[in-house]
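What you see below is based on every heavy atom in this structure, not just the backbone, and it leaves out hydrogens, waters and symmetry mates.
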Amino acid sequence: MPKDAAHDWILKPLNPPQRQAASADRRPLLIVAGAGTGKTATLVHRVAWLMAGGVDPARILLLTFTRRAAGEMLRRVDAILRRLAEKEASDEAAGGSDEADARSMQRLRSTRVWGGTFHAIATRLLRRFGKAINLAPEFTIHDRTDSEDLMAVVRTELGLAKTDKRFPKKGTCMAIYSRCINARQKLGHALKHHFPWCQDWEEELGKLFDAYVDRKEAGSVLDYDDLLLYWHALLADPKAAERVRGLFDCVLVDEYQDTNVLQAEILYKLCPDGQGLTVVGDDAQSIYAFRAATVRNILDFPKHYPDAQIVTLEQNYRSTQPILDATNRVIGQAKERYRKDLWTERGEGARPWLVHCEDEDDQAEYLIRRILEHREAGIDLRRQAVLFRASHHSMLLEAELSERKIPFHKYGGLKFVETAHVKDLLAFLRLAENPRDVVAGARILPLLPGLGPVKARKLMQTLVDAGGDFTAWKDFKPPAGAEKLWPKLVRLLVDLSGAKEGLPEQVGRVRKFYGPLLEQHYDHAQPRLRDLEQLEQIASRYRSRRRLLEQLTLDPPASTQDLAGPPLLDDDYLVLSTIHSAKGLEWDAVYVIHAADGNIPSDMATNSPEEIEEERRLFYVALTRAKNWLYVCFPLRYYQYGPRRGDRYGFAQRTRFLSDSAVELFQQEVTEGAGEDDAEDEGFGARVTSRSIRRRTKGLWS
DNA sequence: CTGTTGAAATTTTTT
DNA sequence: ATTTCAACAG
């Protein structure tokens with residue numbers, strides 16, 4: 001089949017603007033794709049189109065927001081190309097030899113495409129080319145928690161823990177540092193605009209960050225920010241830059257609205273003239289400013305590449321007209337954005353619901369009733385999702401779902417690998433992998449009785465001095481209580497660093513040593529021990545220990561179930577997700593909960609107009625996930641906790657993002673308990689329901 | 001030095 | 001609810 005015919009075949013399922021985007025020439029291309037406009041499909045077809053046009057898949061770089069997104073896209077690319085190959089084969093059944101067919105199939109497999117997040121790709125490139133900028137290729141990677149731990153170590157070492165006024169805590173220090181790196185801002189600037197309450201500490205913070213950077217260097221450790229920073233540095237080195245640039249003919253970036261200045265600069269250096277560069281995004285869905293992402297990247301793209309082509313996708317394939325009307329109304333009140341008018345051919349459907357609930361319990365009750373109704377009507381649980389602003393907003397609902405034995409999967413919030421016991425176990429492997437990783441040592445050693453932070457630090461120093469040879473620890477005289485354990489630990493680490501055993505065996509050995517310690521240190525030991533068993537089981541899937549550690553820090557599974565692998569086809573579960581983690585996904589029925597001012601927008605994010613605008617976009621992202629049914633719920637009463645206010649109920653307002661004119665597009669519903677008891681309440685404050693009392697008291701002991 | 005206890009402060013979203 | 005820090009006992 002001639003190339004043109006193949007190209008036509010690929011473009012056939014697309015609408016005209018999508019076609020234009022998928023088949024655009026090599027000039028820089030910006031695709032502005034509104035919510036639900038087939039952005040992913042367009043990108044997938046563009047990759048297929050490029051490959052069918054002869055671009056070597058191994059010379060295509062696909063940058064996505066999660067690794068899962070990359071995997072999903074490449075699967076779809078493969079599916080298209082497979083069908084194309086089948087068609088070619090049947091069209092030319094007479095002529096083509098089997099061998100030639102096999103070759104063309106092989107050529108068209110997307111497995112060789114470089115796909116992943118900025119961080120994952122950075123890792124891959126740095127392992128390969130790091131030497132050019134004096135980076136040892138066997139560096140280990142710190143996740144956010146590890147980085148904070150190292151920050152805490154340095155913080156105490158510099159005596160910043162015992163200042164008369166309270167010094168910012170480790171998490172805040174890390175956030176400030178991270179902003180400087182990712183937004184390429186001076187400390188003073190970052191403090192002034194984003195952490196004004198820390199401005200008094202500018203000098204000390206500067207010293208802290210210096211020391212922090214030195215410690216990472218000494219330990220041959222990179223944090224998340226370093227991965228980008230070193231990739232950037234790699235591209236600043238003329239010789240290395242040439243080699244890296246030479247790897248790729250085409251670079252495609254998804255979710256461009258959520259990249260930061262550093263990432264944009266990496267792209268500029270990777271594609272100086274923009275040839276072969278495609279970026280896709282929607283400024284109306286930019287929700288990662290807190291991570292230093294900036295809409296300016298997408299807005300300035302045409303300025304940076306004056307010959308850029310811009311294609312706007314406006315036909316929505318996801319939602320019904322009534323839902324689209326409502327979401328358009330919400331985003332229409334945003335201050336500044338690329339003009340887009342989303343429309344759909346999906347015509348009639350149910351208007352979205354605005355549900356007034358009495359309180360949180362009532363909200364949970366309502367949700368479960370609706371969810372089960374939809375399931376009865378044939379909408380599986382997995383086609384429904386409950387979305388919320390903050391991870392803890394779903395706690396009550398989770399408890400209720402568990403009680404009713406309704407299976408669910410939660411995305412966002414604390415991840416499996418971030419739990420203390422999993423981190424502990426991985427720290428053993430990490431220390432074996434990189435004995436200079438002080439944070440790993442500082443985590444493991446104090447698990448032994450009688451060993452504290454000070455001895456741990458000294459031991460790590462002797463280990464580093466011995467060049468990472470764990471036998472150097474044999475001379476150490478352990479404190480009373482650890483005499484039995486100490487030789488075992490040394491033996492374990494010596495064996496692990498020898499790496500003679502397979503990965504599951506290694507995890508098994510750590511588990512045997514660590515299990516009893518876990519029981520001493522943590523509550524609820526049983527489920528934690530089971531997590532470790534599970535980790536041992538899946539260890540065999542990884543090629544190497546380094547690979548396992550790398551994958552788990554760069555692409556942490558959202559839950560234990562996720563870690564276990566793709567869910568079985570027949571098991572059905574409801575999706576609970578933070579709005580952030582719901583990005584790019586869609587469901588038949590979507591329930592947005594806690595849509596009250598203070599939650600959406602979050603009280604923490606109402607300090608500046610920019611923050612409020614971002615919260616508005618966040619709400620918009622939540623609403624636009626819905627295909628057929630959209631419910632926005634908020635409890636009228638919520639329980640206020642905390643030492644300052646005492647234990648009492650407060651009253652909630654509907655989110656400010658649902659203006660009166662937007663509310664007109666909703667059908668309003670008041671749940672049973674809500675609204676009818678205003679008179680009774682007078683003078684008494686809140687009426688407390690029996691359900692609420694049950695809930696609250698349960699909280700006292702579990 | 002370590003481990004425990006209590007008081008005080010802070011409280012989001014995530015690669 | 002969690003983190004941090006000081007105070008105190010062993």
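- Within the 4.0 angstrom heavy-atom criterion, only backbone atoms of the sugar-phosphate kind lie near A:A161; the bases stay farther away.
- Across the protein-nucleic acid pair, A:Q257 atom CD and B:dT13 atom P stand 20 Å apart, rounded to whole Å.
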Scan nucleotides 3-5 of chain B against the protein and return all N/O pairs shorter than 3.5 Å with their distances rounded to 0.1 Å.
unit_1, atom_1, unit_2, atom_2, d
B:dG3, OP1, A:G450, N, 2.7
B:dG3, OP2, A:L451, O, 3.3

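- In the set C:dC5, B:dT13, B:dT12, B:dT12 carries the atom at the smallest distance from any side-chain atom of A:S602.
- Residue-level contact check: A:K583 touches neither bases nor backbone, having no heavy atom under 4.0 Å from any strand.
- Rounding to the nearest 0.5 angstrom, the gap separating the OH atom in A:Y591 from the CG atom in A:L397 is 11.0 Å.
- The side-chain heavy atoms of A:P478 and A:L451, taken from C-beta on, include no pair separated by under 4.5 Å.
- Note that SG of A:C180 and CZ of A:F209 are 6.0 Å apart. Values are rounded to the nearest 0.5 Å.
- Heavy-atom distances to DNA chain B give each of A:A390 and A:F118 a nearest nucleotide, and the one nearer the 5′ end belongs to A:A390.
- With rounding to the nearest 0.5 Å, the separation of NZ in A:K415 from CG in A:D555 is 9.0 Å.
- Among B:dT2, B:dT15, B:dT14, the nucleotide with an atom closest to any side-chain atom of A:H580 is B:dT14.
- Within 4.0 Å (heavy atoms only), A:S391 reaches sugar-phosphate atoms of the nucleic acid but no base atom.
- Relative ring orientation between A:H580 and A:Y288 is described as perpendicular, the plane-to-plane angle rising above 60° on a 0-90° scale split at 30° and 60°.
- Rounded to a whole Å, the CZ atom of A:R144 is 12 Å from the C1' atom of B:dT12.
- Between the P atom of B:dT14 and the CG atom of A:L228 lies a distance of 18 Å, rounded to the nearest Å.
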Please tabulate the protein-to-nucleotide N/O contacts below 3.5 Å involving nucleotides 7-10 of chain C, giving atom names and distances.
none

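- Atoms CZ (A:F388) and P (B:dT14) sit 10 Å apart, rounded to a whole Å.
- The residue A:G171 sits apart from the nucleic acid: no heavy atom pair falls under 4.0 Å.
- In this structure, A:K170 does not reach the C:dT3 phosphate: none of its side-chain N or O atoms is under 4.0 Å from OP1 or OP2.
- Here the CZ-CD distance, from A:R127 to A:E138, works out to 8.5 Å after rounding to the nearest 0.5 Å.
- Counting only heavy atoms from C-beta on, A:R166 has its side chain closest to B:dA8 among B:dT14, B:dA8, B:dT12.
- As judged by a 4.0 angstrom heavy-atom cut-off over every strand, A:R67 is placed among residues making no nucleic acid contact.
- Contacts classified as salt bridge (Lys or Arg N to Asp or Glu O under 4.0 Å) and involving residues 591-611 of chain A (residues at least two apart or in different chains) are given here: A:D597-A:R656.
- Side-chain atoms of A:R654 come within 3.5 Å of backbone N or O of A:L658 as a donor-acceptor pair.
- The ring of A:H232 has its center no closer than 6.0 angstrom to the ring center of A:Y230.
- In this structure, A:S178 and A:K169 both approach DNA chain B, and ranking their closest nucleotides by distance from the 5' end singles out A:K169.
- For B:dT15, the base is not stacked against the aromatic ring of A:F65, per a cut-off of 5.5 Å between centres and 30° between planes.
- A:D254 places its CG atom 15 Å from the C1' atom of B:dT15, with the value rounded to the nearest Å.
- Residues A:E433 and A:R430 are not paired through a salt bridge, judged by the lack of any N-O separation under 4.0 Å between the basic side chain and the carboxylate.
- Regarding A:R179, its CZ atom lies at a distance of 13 Å from the C1' atom of B:dT14, rounded to whole Å.
- Atom CG of A:N599 and atom C1' of B:dT11 are 12 Å apart (whole Å).
- Remark: A:L228 CG to A:E265 CD distance equals 11.5 Å, nearest 0.5 Å.
- For A:K458, whose side chain is taken as the heavy atoms from C-beta onward, the closest listed nucleotide among B:dT13, B:dC1, C:dT4 is B:dC1.
- Contacts of A:Y288 with the nucleic acid, taken as non-hydrogen atoms under 4.0 Å apart, involve only primed sugar atoms and P, OP1 or OP2.
- Backbone-only engagement by A:S581 is indicated by non-hydrogen atom pairs under 4.0 Å involving sugar-phosphate atoms exclusively.
- To the nearest angstrom, P of B:dT12 lies 5 Å from CE of A:M604.
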